[in-house]
Amino acid sequence: MAEKKIKGIKKFFEEFKAFAMRGNVMDMAVGVVVGGAFTAIVNSLVNDIINPAIGLFFNADFSEVGIHIGDVMIGVGSFINAVINFVIVAFVLFTVVKFINSLHKKPEEPAAPAEPTTKVCPYCQSEISIKAVRCPHCTSKLEGFPEAED
């Protein structure tokens, strides 16, 4: 009976190991760790650089603002701070993602070659207009055009 339980536990851990070592699970784990580190960078940028810069122009800390109803205070200022921080973080993330996407731009495809406007006269080898019926240099009648009525 105990041997059966041990085999069941071993099978469970083998299945768990197979699940945890699948590519998408490992990719997700790496993404979560990198995301946590990036969150610390963005929070530092917002709290240590952007918010103090905004504080130079006006009071950016609204945490003391509130609505008092009896003994209860509704923290409207804390909500305003959270909204301001969200907007700043969203803007910073937008600019970072835009910058990263600009690094991954595909090169533009070359433009299609322009239609030729000239051709070479088969008789005198002069360059002439593509629409010419006769060569202006040797006056030869060019092939492929009907006879012009005089």
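Reckoned from all heavy atoms, side chains included, excluding hydrogens, waters and symmetry mates. What you see is a predicted model; the values in this text were computed from it and never measured.
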Colleague: Hey, could you give me the CG/CZ distance between N101 and F99, rounded to the nearest 0.5 Å?
Modeller: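 The CZ atom of F99 is 11.0 Å from CG of N101, to the nearest 0.5 Å.
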Colleague: Kindly compute the distance separating OG1 (T117) from CD1 (I128), expressed to the nearest 0.5 Å.
Modeller: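 Spacing of OG1 (T117) from CD1 (I128) equals 11.5 Å.
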Colleague: Is there a chain of hydrophobic side chains (I, L, V, M, F, W, Y, each step under 4.5 Å between heavy atoms) that links V83 to F94?
Modeller: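 Looking at the clustering, F94 is in a separate group from V83.
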Colleague: Show the nearest heavy-atom pair for residues R134 and T139, with the distance to one decimal.
Modeller: NH1-O, 3.1 Å
Colleague: Please confirm whether the backbone N or O of G35 pairs with a side-chain atom of T39, one donor and one acceptor, at under 3.5 Å?
Modeller: yes
Colleague: Quick check for you: to the nearest 0.5 Å, what is the distance between I130 atom CD1 and E115 atom CD?
Modeller: 8.5 Å
Colleague: Taking C-beta and beyond as the side chain, do F79 and I74 meet within less than 4.5 Å on heavy atoms?
Modeller: no
Colleague: How far apart are the closest heavy atoms of A132 and L142, and which atoms are they?
Modeller: O-CD1, 3.4 Å
Colleague: Is it true that I100 and L93 fall in one hydrophobic cluster, defined by side-chain heavy atoms closer than 4.5 Å?
Modeller: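 Yes: a chain of side-chain contacts under 4.5 Å links I100 to L93.
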Colleague: Is it the case that over 12 heavy atoms from other parts of the model lie below 6.0 angstrom from the CZ atom of F86?
Modeller: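 Check fails, neighbour count at 12 or below.
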Colleague: Within this structure, what is the NE2-CD distance for the pair H137 and E127, rounded to the nearest 0.5 Å?
Modeller: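 Taking NE2 in H137 and CD in E127, the distance rounds to 8.5 Å.
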Colleague: Out of curiosity, does I9 fall in the hydrophobic cluster containing F16 (side-chain heavy atoms, cut-off under 4.5 Å, transitive links)?
Modeller: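 No, it is not one cluster - the side chains of F16 and I9 are not joined through contacts under 4.5 Å.
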